[in-house]
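Can you keep this structure in mind? I'll have questions shortly.
Just follow the structure's listing: the first ligand is 1, and inside any ligand the first atom is 1.
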Amino acid sequence: MAYITSDQLLAKLRQEIKEISVHELADKLDKGEITLVDIRGRDEWDQGHISGAAHIPRGFLELQIETRQANRRKPIAVMCAGGVRSLLGARDLQTMGYRNVVSVAGGFSGWKNAGYPFVVPRTLTPEQRNRYARHIVMPEVGEEGQLKLMDASVLLIGAGGLGSPAAIYLAAAGVGRIGLVDFDVVDTSNLQRQIIHRLDDVDKPKVESAAHTIGQLNPDVSVIGHRTQITSQNAFNIISQYDIVINGSDNFPTRYLVNDACVLLGKPLVDASVLRFEGQVTVFDTTKGGPCYRCLYPDPPPPGEVPSCAEGGVLGVLPGIIGSLEALEAIKLILGQGDPLVGRLLQYDALDGEFRALNIAKNPACPVCGEHPTVTELIDYNQFCGVPPVEVVSANGAQAAVSA
Ligand SMILES: [Zn+2]
């Protein structure tokens, strides 16, 4: 049986496949005339590659080329490290009917040695690739999305019923910096729903207890505990340190204060509330044209006019569901995927087992984000301080309960 050596094979391919120099490649890339496919291995790619190149390792070339270039007539340049594997790759593309395939002589080494620019990507460690494997495999996240999560920062107002599941899922997802604002200590009565705390944590500050749980879950995450009440004095300073705010607060002063601070700072606010068997979640982002909390409820109700949530109670699993939805909305904002709940209020009735979404509009007369704002600085609604969590019924009948 006749055979040829690998040297003979390459000599034969050099006859059949057109090669271009790295200089010709640079010229064609400048003019946008060619699709560059880098077929090196993952490790080689990670050590540096040409910006804009498609990375398809040699073993996947035939299987994935059509996702990058399906048109058989369009020019493709195949590149490897030195210009040898690219001959084999180019031959295989020709076999698939690609008529205008060239191999880059000298490969990436030639490109680099000629002084052309390349990028060295930030990458995940092998441990992180393993930890986030179920994210990375999804095209909507991928390694790029995972890096976005790891670069992101989210502030949670309250480490209670809503803040617990939100913090746990954000930490598990690898959100790089999580801030927690909470003044309280853990009480046994919290454990019915505040799943970030444990019996051993009773009487400890909630921010410490939450930081400990997150540390046990994911060492990639840094937790910043703000053991304070958020006030007009510190709200700008704290909130400005984060990309996104999640509200899990249990009182009106905080709800208005955080809303106003987020509007004035241009930060997206994921807002939610729960009461008994019902919960709701939305995203207030006035920078995207959406409404804010004051668009719905311009001013706090008079003290004493609303029933307290402590009286009403809350089924423990409900903040678990709603707080998880808050984490999910924050992750969508970080990844830039899907439709965030901007201008939509998602309501969940646990007894009926039904979700429904209501459209909520920006109010042009809103006192903080409207056309003629009257709230231009932060307000402490002191008359509400210390009152139990409350529920408010708006003029249109939509219920806004405040979290437990
Ligand atoms: Zn508004």
### Message
Does K148, at its NZ atom, have more than 12 non-hydrogen atoms belonging to other residues, nucleotides or ligands within less than 6.0 Å?
### Response
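Counting neighbours around NZ of K148, more than 12 heavy atoms of other residues, nucleotides or ligands fall under 6.0 Å, so yes.
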### Query
For Q337, does the CD atom have more than 12 heavy-atom neighbours from other residues, nucleotides or ligands under 6.0 Å away?
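Correct, the count exceeds 12.
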### the Zn ion (ligand 1): protein N, O or S atoms [distance under 2.8 Å]
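Result, waters dropped: C292 SG, C295 SG, C366 SG, C369 SG.
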### Task
Name the orientation class of the two ring planes belonging to F284 and Y293 (parallel below 30°, tilted from 30 to 60°, perpendicular beyond 60°).
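If you compare the ring of F284 with that of Y293, the planes turn out perpendicular.
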### Query
Is the ring centre of F118 less than 6.0 Å from the ring centre of F108?
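Distance test on ring centres: under 6.0 Å, yes.
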### Query
Does NZ or CZ of R227 fall inside the cone over F183's six-membered ring, less than 6.0 Å from its centre and within 45° of the axis?
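Yes, a cation-pi geometry holds between R227 and F183.
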Show me the side-chain donor-acceptor pairs of residues 350-361 shorter than 3.5 Å, one per line, residues at least two apart or across chains.
from: R356; atom 1: NE; to: Q347; atom 2: OE1; distance (Å): 3.2
from: R356; atom 1: NH2; to: Q347; atom 2: OE1; distance (Å): 3.1

